[in-house]
2 protein chains.
Amino acid sequence: MLSHKTKYALKALLYLAQQDKDYISKTIDIAVGASIPKKFLEQILLDLKRGHFVGSKQGKFGGYYLLKSKEEITLAEIHRFFDGAIALLPCASINFYEPCSDCKNESECLLRHGLIAIRNETLKAMEGITIASLEKK
Amino acid sequence: MLSHKTKYALKALLYLAQQDKDYISKTIDIAVGASIPKKFLEQILLDLKRGHFVGSKQGKFGGYYLLKSKEEITLAEIHRFFDGAIALLPCASINFYEPCSDCKNESECLLRHGLIAIRNETLKAMEGITIASLEKK
DNA sequence: TTTAAATTCTACTAATTTTATAGAATTAAT
DNA sequence: ATTAATTCTATAAAATTAGTAGAATTTAAA
């Protein structure tokens, strides 16, 4: 499941994608427009900025805008950025690999192979969803 | 991600699947054989019993055995039983549907459609993985 | 009928993660 | 200067996860 944080991030990105190109949105407008708690959204936008998904302008008349194009931002990427691994266990993950502490011999683990198959399918699907594709319904 | 509980449940089911048909395994043997904390495993086996995945025999020389055939038990089923929805948000779930409290109009939600597509793909993959298929590597 | 060995049940706890909120500091435009 | 925005640091409440403890019950067998 997605955390609220990830859900809010996706909604915020969708909101920004729907504004005119280079229009600068204030946090409060995103919060109201996308029904996201404002203070929580502040943190999320800062995270998105650190991830180079959005840019910001400080001070009066400041705000946020998309940095990456909406065709480039995938669900897989946002999921990994906020919620981590796509795989169902760390031992089946590409980007967040970790061995299981309870695993005697990973190469003989019967579970892992199945989970890698699932991860491949899910990943393919999640990489196909972009902010732009979501917008087009 | 799978919870440890779900991971342990799958490992326990795999352990049972690998014993001779109708052999009754003691909790302690499953715990040691599959590297699962024994007390935690007790709870998990009780849950699996209540879900009619395993059967038990009480008292001395008691223990657990598979009730459903290993070809019938899917990853999707075990995931739902312990960790709940396959979908990334409750609003995109079949079995655990709930509307988002922050959603103004679900039919207009741009996120939901994409998440339903993901869920369909993931579900198909997870229904294809059974305890028996895991065993065959 | 007693003992041993297993499941079953209820309750508790400790740690972690999630979901925020508070408030001060900084920045920039007017 | 003033206003209005982002930025930063810290805190906190709630929920979830991952277990543990210990007594009760059940069954087989001596």
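A quick note: this is a predicted structure, and the numbers were derived from the prediction, not measured. Below, read A as the first sequence line, B as the second, and so on, with proteins coming before strands; counting in each chain starts at 1. Because only heavy atoms are used, hydrogens play no part in the values below, and waters and symmetry mates are left out as well, while side chains stay in.
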What is the minimum heavy-atom distance between Leu16(A) and Ile30(A), and which atoms define it? CD2-CD1, 3.8 Å
pair Thr27(A)-Tyr64(A): side-chain heavy atoms closer than 4.5 Å: yes
Going by heavy atoms in the side chains, are Pro37(B) and Tyr8(B) under 4.5 Å from each other? yes
ring-ring contact (aromatic ring centres under 6.0 Å, His included) between Tyr65(B) and Tyr23(B): does it pass, once the steps are laid out? CA-CA 7 Å; Tyr65(B) 52 91; Tyr23(B) 177 79; over 10 Å; no
CZ of Phe40(A) versus P of dT18(C): gap in Å, rounded? 10 Å
Residue pairs involving residues 67-94 of chain B (criterion salt bridge (charged side-chain N to carboxylate O under 4.0 Å, His left out); sequence neighbours excluded): Lys68(B)-Glu77(B), Lys70(B)-Glu135(B)
Stretch residues 1-25 of chain A: residues that reach within less than 4.0 Å of DNA chain C through a heavy atom: Ser3(A), His4(A), Lys5(A), Tyr8(A)
For the helix from dT1(C)-dA30(D) to dT30(C)-dA1(D), how many degrees between its two end axes (five pairs per end), to the nearest 10°? 0°
Counting only N and O atoms by type, is there a donor-acceptor contact under 3.5 Å from the side chain of Gln19(A) to the main-chain atoms of Tyr15(A)? yes
Closest approach of Ala31(B) to Leu41(B) (non-hydrogen atoms, all atoms of both residues): N-CD2, 3.4 Å
Does NZ belonging to Lys21(B) count more than 12 external heavy atoms closer than 6.0 Å? no
Between which nucleotides of DNA chain D, 5' to 3', does chain B make heavy-atom contacts below 4.0 Å? dA18(D) to dA29(D)
Any residue of residues 41-63 of chain B with a heavy atom less than 4.0 Å from an atom of DNA chain C: Glu42(B), Gln43(B), Leu46(B), Lys49(B), Arg50(B), Ser56(B), Lys57(B), Gln58(B), Gly59(B), Lys60(B), Gly62(B), Gly63(B)
Between Lys11(A) and Ala34(A) (side chain of the first, backbone of the second, donor and acceptor by atom type, cut-off under 3.5 Å), is there such a pair? yes
Looking only at atom types and distance, does a side-chain atom of Lys38(A) sit under 3.5 Å from a main-chain N or O of Asp29(A), one as donor and one as acceptor? no
Could you tell me whether the side chain of Thr122(B) and the main chain of Ile118(B) form a donor-acceptor pair under 3.5 Å? yes
Just by modelled atom types, is the Thr130(B) backbone N or O under 3.5 Å from a matching donor or acceptor in the Ser133(B) side chain? yes
Any side-chain heavy-atom pair of Ile116(B) and Asn120(B) under 4.5 Å: yes
Would you say His79(A)'s side chain and Gly84(A)'s backbone share a donor-acceptor pair under 3.5 angstrom? yes
Can you pull out the residues from residues 89-97 of chain A that lie within a 4.0 Å heavy-atom distance of DNA chain C? none
Which part of the nucleic acid, if any, lies within reach of Lys26(A) when heavy atoms closer than 4.0 Å are counted: base, sugar-phosphate only, or nothing? sugar-phosphate
Around atom CD of Glu98(B), are there more than 12 heavy atoms from other residues, nucleotides or ligands closer than 6.0 Å? no
